[in-house]
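The structure appears below as structure tokens.
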Amino acid sequence: MPNLYKRGDKDTRPWGTWEVLESGANFCVKKIVVNPNQKLSLQLHHFRNEHWIIVKGEALITLEEHELFKNAGENVFIPANTKHRIQNNSSSSIEFIEVQTGDNLDENDIIRFEDIYGRV
């Protein structure tokens, strides 16, 4: 399947926002903002890898059963089929750049295991 993202796509979620900065045949670059004291669902993707680069704030990142703290300038790689989450425990927003790679890039490639907002 192709990359279904295009430059300028954006959305507001219960935890913050995302915007596509660039996309190509098998990559997508997003800027993601996580609001204070919010977190994304514990999730995985079957068809894409993600590389997160923290550009503002301190993030608590869950990779499978491991928890990592990452500050601005640090990064983490998330292979496909790996449970992951990013969480903001501070009173300031976190910003990070997400680089997705894979043959099937689609917002529907998301399996949620836990979600404080009731999404499935």
Side-chain angles (χ1 to χ4, degrees):
M1 292 208 40
N3 179 355
L4 297 181
Y5 295 105
K6 62 184 183 310
R7 185 188 302 180
D9 286 349
K10 58 176 87 173
D11 199 8
T12 299
R13 298 294 172 99
W15 45 261
T17 61
W18 61 261
E19 179 179 0
V20 175
L21 303 177
E22 188 61 76
S23 69
N26 58 357
F27 77 93
C28 176
V29 180
K30 288 182 176 178
K31 176 185 175 187
I32 299 176
V33 177
V34 183
N35 293 331
N37 300 304
Q38 301 298 311
K39 61 183 173 181
L40 281 67
S41 56
L42 181 62
Q43 59 188 261
L44 67 74
H45 311 288
H46 290 298
F47 302 107
R48 71 180 185 235
N49 304 304
E50 295 179 344
H51 185 178
W52 293 350
I53 302 134
I54 309 301
V55 294
K56 177 184 170 193
E58 180 183 74
L60 172 59
I61 297 171
T62 302
L63 284 180
E64 295 289 344
E65 60 277 342
H66 304 286
E67 290 189 337
L68 312 165
F69 285 96
K70 296 289 182 175
N71 293 300
E74 297 181 314
N75 65 84
V76 64
F77 179 73
I78 304 155
N81 296 303
T82 301
K83 286 184 185 176
H84 62 281
R85 168 185 4 232
I86 190 165
Q87 183 170 333
N88 182 354
N89 293 330
S90 77
S91 59
S92 300
S93 294
I94 292 172
E95 294 181 15
F96 67 102
I97 302 301
E98 175 182 271
V99 179
Q100 301 176 4
T101 57
D103 294 328
N104 181 0
L105 302 178
D106 181 354
E107 196 62 23
N108 294 318
D109 178 24
I110 190 167
I111 307 299
R112 289 188 175 95
F113 297 92
E114 294 175 14
D115 185 78
I116 64 171
Y117 311 104
R119 298 172 299 168
V120 291

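If you're wondering where the values come from, they're calculated on a predicted model, not measured in any experiment. We number each residue from 1, following the sequence as shown.
Side-chain heavy atoms closer than 4.5 Å link hydrophobic residues (I, L, V, M, F, W, Y) into clusters, and following such links, possibly through other members, connects Trp18 to Leu40. Cluster annotation: Leu4 and Val99 are assigned to distinct hydrophobic clusters (Ile/Leu/Val/Met/Phe/Trp/Tyr, side-chain heavy-atom contacts under 4.5 Å, transitive). Val29 and Ile32 sit in two unconnected hydrophobic clusters of ILVMFWY residues. Membership requires side-chain heavy atoms under 4.5 Å apart, directly or through other members.
Using a 4.5 Å cut-off on side-chain heavy atoms (C-beta onward), Tyr5 and Glu107 make contact. Side-chain atoms of Lys30 and Glu19, non-hydrogen and from C-beta on, never get closer than 4.5 Å to each other. Looking at heavy atoms from C-beta onward, Ile86 lies out of side-chain contact with Trp15 at the 4.5 angstrom threshold. In this structure, Ile78 and Leu63 have side chains that are in contact, with non-hydrogen atoms separated by less than 4.5 Å. The shortest distance between side-chain heavy atoms of Asn104 and Asp109 does not fall below 4.5 Å. Counting only heavy atoms from C-beta outward, the side chains of Ser92 and Pro36 never approach each other to under 4.5 Å. Contact of the Val120 side chain with the Asp115 side chain is not registered, since no non-hydrogen atoms from C-beta on lie closer than 4.5 Å. A 4.5 Å side-chain heavy-atom check between His45 and Ile110 finds at least one atom pair inside the cut-off.
Listed here is the closest heavy atom pair of Ser23 and Lys6: OG-CA, 3.6 Å. Between Thr12 and Thr17, the shortest heavy-atom distance links the atoms OG1-CG2, 3.9 Å. Of all heavy-atom pairs between Glu58 and Ile94, the closest is O-CD1, 3.2 Å. Heavy-atom minimum distance, His51 versus Val76: CD2-O, 3.3 Å. The shortest non-hydrogen separation linking Asn88 to Val34 is ND2-O, 3.1 Å. Among all heavy-atom pairs drawn from Asn3 and Ala25, the shortest one is CB-O, 3.7 Å.
Checked against Arg85 for a side chain to side chain contact (heavy atoms under 4.5 Å, CB included), the options Ile61, Leu44, Leu42, Leu60 give a single hit: Leu42. Residue Tyr117 forms a side-chain hydrogen bond (donor to acceptor under 3.5 Å, both in side chains) with just one option from Lys39, Arg112, Gln38, Arg13, and that option is Gln38.
Separating the CG atom in Asn26 from the CZ atom in Arg48 is a distance of 13.5 Å, to the nearest 0.5 Å. To the nearest 0.5 Å, the span separating CG on Asn37 from OG on Ser90 amounts to 7.0 Å. The CD atom of Glu22 sits 12.5 Å away from the CD1 atom of Ile97 when rounded to the nearest 0.5 Å.
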Q. Would Phe77 and Asn49 count as a side chain to side chain contact (heavy atoms under 4.5 Å, CB included) if you check the C-alpha gap in whole Å, the side-chain angles of each, and the deciding distance to 0.1 Å?
A. CA-CA 8 Å; Phe77 179 73; Asn49 304 304; 3.7 Å; yes
Q. Step by step, would you call Phe69 with Glu74 a side chain to side chain contact (heavy atoms under 4.5 Å, CB included)?
A. CA-CA 9 Å; Phe69 285 96; Glu74 297 181 314; over 6 Å; no
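Asn75 places no side-chain N or O within donor-acceptor distance of the main-chain N or O of Trp52, the cut-off being under 3.5 Å. When atom types are taken as modelled, the side chain of His84 and the backbone of Gln43 share a donor-acceptor pair closer than 3.5 angstrom. A donor-acceptor pair is defined here as one N or O able to donate and one able to accept, closer than 3.5 Å; such a pair exists between the side chain of Glu64 and the backbone of Lys83.
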